[in-house]
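See structure below.
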Amino acid sequence: MPKSSPQPQLPLMNLEGSKDDIVIPIMGPTGVGKSTFISNVLAHLGSPQHIPTSDGFQSCTSTLAAYSAALPPHVTQQYSLAEGRRLVLLDTPGFDNTQTSDTEILRRIAQWLTVSYNADMKVGGIVYIYPIYPGRITRSDCANIKIFRKICGPGGLEKVILATTRWDICPKDTADSREREISANFWSDKSHPGPRNPEMARLGSSAESAWGVVSTILERMEKEGVVLALQRQLVDRGQILQQTDAARELRAKIMQLLEDADPRTGDSGRRQRIDTLAREAKELKIPLTKRIQSFFGQ
């Protein structure tokens, strides 16, 4: 694995990396409880920190933020690989963020993962948080999940825990069917059958529930951690971001959004959204169709 300086300053956060760090990226849509989950884990470890949380409608996380805590003796006694190590929880903004474009979010995730990989920080596992209720999985949700799967790759998906939230408001008669629907859409697609042993968790609002998810990661963690596909492509293969599988999947999402957009109708907000998509398309080197080009006078 490529190495840089022993403890490089990581981008977008005030934290020095160590080869003994156990990194757990927390990902998922906006407003599903990622920041609350991190806050609960830190509280359980006796290291409470102020972490901004959203109201479920507006994004509170537009940049990446990493929160660290030393693992106390009662944890290291239970998990041998955790001895003398630090837990680093990475709070990530969701795609379809209200403040930041999908392309910029992917760039920030890629930057952080690249530098942390060079610092030999170990990804122990990944938590993807998704609400069990209300509403059904949208096409945009499916597109974002595909991007996430490409970030992880097959090896990374084996270390993912899909944690569902909002069980307290989900009607009991629909809970099981909703869980099956989310599982079916999350774990596999036509190009990849999904992990051998998919792991799901019902995440409550308590610190104990959040710690239960992390403890499962520590139980399943391997000594050398897991290398995500995005890390391998950027660092080991020397690809630029636009060449990675995750960027290709994002490109497909943007192309579909542009094709579905009707620039002749809608308010100024829709026009602004199309302008933003066009800028993202240019950044990802997406060729625009003649219909979209004509809208922009190209």
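Between the S215 side chain and the G212 main chain, a donor and an acceptor come within less than 3.5 Å of each other. Although no hydrogens or angles enter the test, the distance criterion places a donor-acceptor pair under 3.5 Å between the side chain of S177 and the main chain of T174. Under a 3.5 Å cut-off, the side chain of N144 and the backbone N or O of S140 do form a donor-acceptor pair. R85 places a side-chain N or O within 3.5 Å of a backbone atom of D20 that can act as its donor or acceptor partner. At least one donor-acceptor pair under 3.5 Å links the side chain of N97 to the backbone N or O of Q99. Using modelled atom types, no side-chain atom of N185 and backbone atom of I182 make a donor-acceptor pair closer than 3.5 Å. At least one donor-acceptor pair under 3.5 Å links the side chain of D141 to the backbone N or O of T138. Q233 contributes a side-chain N or O that, together with a main-chain N or O of D245, makes up a donor-acceptor pair within less than 3.5 Å. Using modelled atom types, no side-chain atom of T76 and backbone atom of E83 make a donor-acceptor pair closer than 3.5 Å. Between the T244 side chain and the I240 main chain, no donor and acceptor come within less than 3.5 Å of each other.
Between K34 and D91 there is no salt bridge, since no side-chain N of the basic residue sits under 4.0 Å from a carboxylate O of the acidic one. Salt-bridge formation is not detected for the pair E222/K122: no Lys NZ or Arg NE/NH1/NH2 atom is positioned less than 4.0 Å from an Asp or Glu carboxylate oxygen. Using a 4.0 Å cut-off between charged side-chain N and carboxylate O, D96 and R139 make no salt bridge. Salt bridge present: K253 and D102 bring a charged side-chain N and a carboxylate O closer than 4.0 Å. A salt bridge is defined here as a Lys NZ or Arg NE, NH1 or NH2 lying under 4.0 Å from an Asp or Glu carboxylate O, and E179 with R202 meets this definition.
Of the listed residues (V226, D236, T114, V123), just one forms a side-chain contact (heavy atoms from CB on, under 4.5 Å) with Q231, and that residue is V123.
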- Task: Test Q242 against R251 for side-chain contact (heavy atoms from CB on, under 4.5 Å), laying out the working first.
- Result: CA-CA 9 Å; Q242 288 87 343; R251 188 178 298 126; 4.0 Å; yes
Quiz item: What do the steps show when you test Y67 against V41 for side-chain contact (heavy atoms from CB on, under 4.5 Å), and what is the final call?
Solution: CA-CA 10 Å; Y67 302 90; V41 172; over 6 Å; no
#### Entry: Audit row: F37, T165, side-chain contact (heavy atoms from CB on, under 4.5 Å) steps and yes/no
CA-CA 10 Å; F37 172 83; T165 57; over 6 Å; no
Quiz item: Would T92 and R108 satisfy side-chain contact (heavy atoms from CB on, under 4.5 Å), going step by step from the backbone distance to the final call?
Solution: CA-CA 9 Å; T92 65; R108 293 176 183 179; over 6 Å; no
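Between L113 and V235, every side-chain heavy-atom pair lies at or beyond the 4.5 Å cut-off. Residues M121 and K19 fail the side-chain proximity criterion, which asks for heavy atoms closer than 4.5 Å. E249 places none of its side-chain heavy atoms less than 4.5 Å from the side chain of I151. Here the side chains of R107 and T103 are not in contact, with every heavy-atom distance at 4.5 Å or above. L87 is not listed as a side-chain neighbour of S68, based on a closest heavy-atom distance of 4.5 Å or more. Between I24 and I26 the shortest side-chain heavy-atom distance falls below 4.5 Å. Using a 4.5 Å heavy-atom cutoff, the side chains of T30 and P93 are not in contact. Residues L162 and P198 form no side-chain contact, since every pair of their non-hydrogen atoms from C-beta on lies 4.5 Å or further apart.
To the nearest 0.5 angstrom, I105 atom CD1 is 5.5 Å from T100 atom OG1. Atoms CD and CG, on E199 and L157 in that order, are 13.5 Å from each other to the nearest 0.5 Å. Atoms OG and CG, on S209 and L203 in that order, are 4.5 Å from each other to the nearest 0.5 Å. Annotation: the span from I217 atom CD1 to I22 atom CD1 amounts to 10.0 Å, rounded to 0.5 Å. Annotation: the span from Q256 atom CD to I254 atom CD1 amounts to 12.0 Å, rounded to 0.5 Å. Put simply, OG on S39 and CG on L42 are 6.5 Å apart, with the number rounded to the nearest 0.5 Å.
For F186 and Y128, the distance between ring centers is under 6.0 angstrom.
In this structure, I109 and M27 approach most closely via the heavy-atom pair CD1-CE, 3.7 Å. Taking all atoms of both residues into account, the shortest heavy-atom contact from P29 to I129 is CD-O, 3.2 Å. In plain terms, the two heavy atoms of N40 and A207 that are nearest each other are O-CB, 3.4 Å. Shown here for V127 and A163, the closest heavy-atom pair between the two residues is CG1-CB, 4.2 Å. The heavy-atom pair separating R178 from P131 by the smallest distance is NH2-O, 3.6 Å. Taking both residues in full, the closest heavy atoms of L106 and F95 are given as N-CE2, 4.1 Å, listed atom of the first, atom of the second, then distance.
Around CD of E219, the count of heavy atoms belonging to other residues, nucleotides or ligands within 6.0 Å exceeds 12.
Ring geometry, W211 versus H44: the interplanar angle falls under 30°, so the pair is classed parallel (tilted spans 30 to 60°).
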